[in-house]
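Structure record follows, encoded as structure tokens.
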Amino acid sequence: MGVIDLRSSQTYEAVSDDRLKDEDNAIWVMDLPSDVRQTWIKRIYWLRWVDRLAEQEQVVYQGDRFKTFQQAWQRLRELGQVAPQDHHWEILSYLAQLWFQSSPNPVTEAAIQAWDSYVEAMAVYHHRDLKIDTLADYEQMLERIAGSFFQCFPYQQPNHLQAARFFGLVDQFYNNLRDLREDSLQGLCYFPEEVLDRFNLRRRDLLAMSCFNDPNYFSLMEFWIEDYLPQIRRKTIRLALANDLHPSWKQMRDWCIHRYGRVERVLKQCGYNFALFPEQYWQEVRRDLAHYHSLTRIGKAAEVHRAYRIYGMARFLKLSPVTLNVLETGLKALEQGHNHRPPGKGLS
């Protein structure tokens, strides 16, 4: 596995080349201590492996390897060890050692439940005929997929488990924005039917990308970005302002928020035309990553993180820097009160 090469070791091709996407999602791990970095890379690698196995088996062609893996995972969960017929699944040996060969604790139990929810969500939501009826259904999808994904991350704090789930929900929302064109080419539309009906739009027009001259489409996008997104983004405020996170979580959080701002800004620059978005966006990603690598080489990346954190956070939460500082001070006091209690073990 390369530095940020999170692709599966299995011999299949993803729907698209996700190397650049993976690097942008995980570039922040390069600034972590080597042991912490390897822990994160392994965890993200296997989470992405499940996603791509489900995508390949249920979207690209109809296969049964994902279903077979899902059954093998259930046997591991029931038995607490890898069943003899399942030893060829390298991922199960990893999970058995991680969660089933040590004393249980609340964070580990939460991670097992989150992994189970994530695998189930891959089965439910990875298919071409997916239609989402309501906004509530859409949020449930985001939470089951990415909320579970984030709760499986290492170095989790027990008091931030729910906050991590909300942050994952918002992360998936931005990923869906970024991938609108890619998903449309695969016949996937994640806008709920009730929202399309509200703006008198048809799913097939978005899939065909023939909607960009329709004023209703721009009304939909203004609602989606300016009205709806802030509502779900506010759910992340506790994690966004937390000071008692593991240092790796702070790195991940701050880079994610930087990335979200880039997605939103470029999409608006393109006039919400998601057919034009990828070329401009990925050019900017390449420049951003090249800049990050150059700063890392001279030991300046941490300084840049600190420099843009308050501005990026204020923009993300739609708060003034003054208000943000007040909230952070109040939350820090609450955290200090919490930390006087006996600490729970983080998940490594």
Side-chain angles (χ1 to χ4, degrees), residues 26 28-29 31-33 35-37 39-40 42-44 47 95 98-100 102-118 121 139-140 142-174 230-260 305-306 309-310 312-314 316-319 323-348:
W28 54 272
V29 304
D31 295 325
L32 302 177
D35 57 335
V36 177
R37 180 170 66 244
T39 297
W40 272 98
K42 283 182 181 178
R43 196 70 54 85
I44 298 171
L47 283 158
L95 295 177
L98 183 68
W99 291 329
F100 295 96
S102 58
S103 299
N105 63 69
V107 176
T108 298
E109 293 299 320
I112 293 171
Q113 180 61 45
W115 183 278
D116 193 57
S117 178
Y118 177 66
E139 286 189 37
Q140 183 183 60
L142 299 184
E143 190 169 339
R144 289 178 67 185
I145 293 175
S148 301
F149 189 100
F150 270 61
Q151 283 189 321
C152 290
F153 283 162
Y155 306 109
Q156 197 90 235
Q157 299 291 343
N159 58 311
H160 289 306
L161 282 167
Q162 186 58 53
R165 195 168 185 88
F166 287 145
F167 201 85
L169 184 157
V170 172
D171 185 83
Q172 187 64 40
F173 184 99
Y174 277 100
Q231 294 177 38
I232 62 170
R233 195 164 48 203
R234 280 193 288 271
K235 295 182 178 184
T236 69
I237 192 165
R238 184 171 181 83
L239 191 74
L241 301 182
N243 292 289
D244 61 343
L245 297 170
H246 188 275
S248 62
W249 269 81
K250 292 180 180 179
Q251 290 278 86
M252 182 268 291
R253 174 197 63 190
D254 294 348
W255 179 257
C256 283
I257 287 174
H258 171 69
R259 185 167 55 82
Y260 304 157
H305 273 296
R306 287 192 293 271
R309 180 181 180 273
I310 290 295
M313 197 72 70
F316 174 68
L317 295 173
K318 306 300 182 187
L319 298 171
T323 302
L324 188 63
N325 279 322
V326 170
L327 288 172
E328 283 193 313
T329 301
L331 186 57
K332 189 173 184 179
L334 290 173
E335 291 170 352
Q336 288 172 344
H338 178 274
N339 290 336
H340 289 156
R341 307 171 194 167
K345 292 184 178 180
L347 176 63
S348 62

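Only heavy atoms go into these numbers, but all of them, side chains included; no hydrogens, no water, no symmetry mates.
Side-chain contact between Phe100 and Thr108: absent, with no pair of heavy atoms (C-beta onward) separated by less than 4.5 Å. With a 4.5 Å cut-off on side-chain heavy atoms, Ile257 and Phe167 count as touching. Counting only heavy atoms from C-beta outward, the side chains of Asp244 and Gln157 never approach each other to under 4.5 Å. At a threshold of 4.5 Å between non-hydrogen side-chain atoms, the residues Leu245 and Met252 do not count as touching. Contact annotation: the side chain of Phe166 never approaches that of Val170 to less than 4.5 Å [non-hydrogen atoms, C-beta and beyond].
Thr39 OG1 to Leu98 CG: the interatomic distance, rounded to the nearest 0.5 Å, is 9.0 Å. Rounded to the nearest 0.5 angstrom, His258 NE2 and Trp28 CH2 are separated by 15.0 Å. To the nearest 0.5 Å, the span separating CG on Leu239 from CD1 on Ile237 amounts to 11.5 Å. With rounding to the nearest 0.5 angstrom, the SG atom of Cys152 is 10.0 Å from the CD1 atom of Ile112. In this structure, Arg233 CZ and Lys235 NZ are separated by 13.5 Å, a value rounded to the nearest 0.5 Å. In this structure, the separation between SG on Cys256 and CD on Gln251 is 11.0 Å, given to the nearest 0.5 Å.
With sequence neighbours excluded, the residues satisfying side-chain contact (heavy atoms from CB on, under 4.5 Å) with Gln140 are Tyr125, Arg144. Taking the side-chain contact (heavy atoms from CB on, under 4.5 Å) definition, one finds that Leu142 meets it with Tyr138, Leu169, Gln172, Phe173, Asn176, sequence neighbours left out. Under the side-chain contact (heavy atoms from CB on, under 4.5 Å) criterion, Pro33 pairs with Asp35, Val36, sequence neighbours left out.
In summary, the side chains of Arg43 and Tyr155 do not present any donor paired with an acceptor at a separation below 3.5 Å, with no hydrogens or angles considered.
Side-chain atoms of Trp40 never come within 3.5 Å of backbone atoms of Phe153 as a donor-acceptor pair (strictly under, hydrogens ignored). Put simply, the side chain of Gln151 gets close to the backbone of Leu161: a donor and an acceptor are under 3.5 Å apart. In this structure a side-chain-to-backbone donor-acceptor pair under 3.5 Å is missing from Glu143 to Arg165.
Closest approach of Leu32 and Arg37 over heavy atoms only: O-NH1, 2.9 Å. The two residues Arg253 and Ala242 have their closest heavy-atom pair at NH1-O, 2.8 Å.
Under the 30°/60° scheme for interplanar angles, the aromatic rings of Trp99 and Trp115 are found to stand perpendicular.
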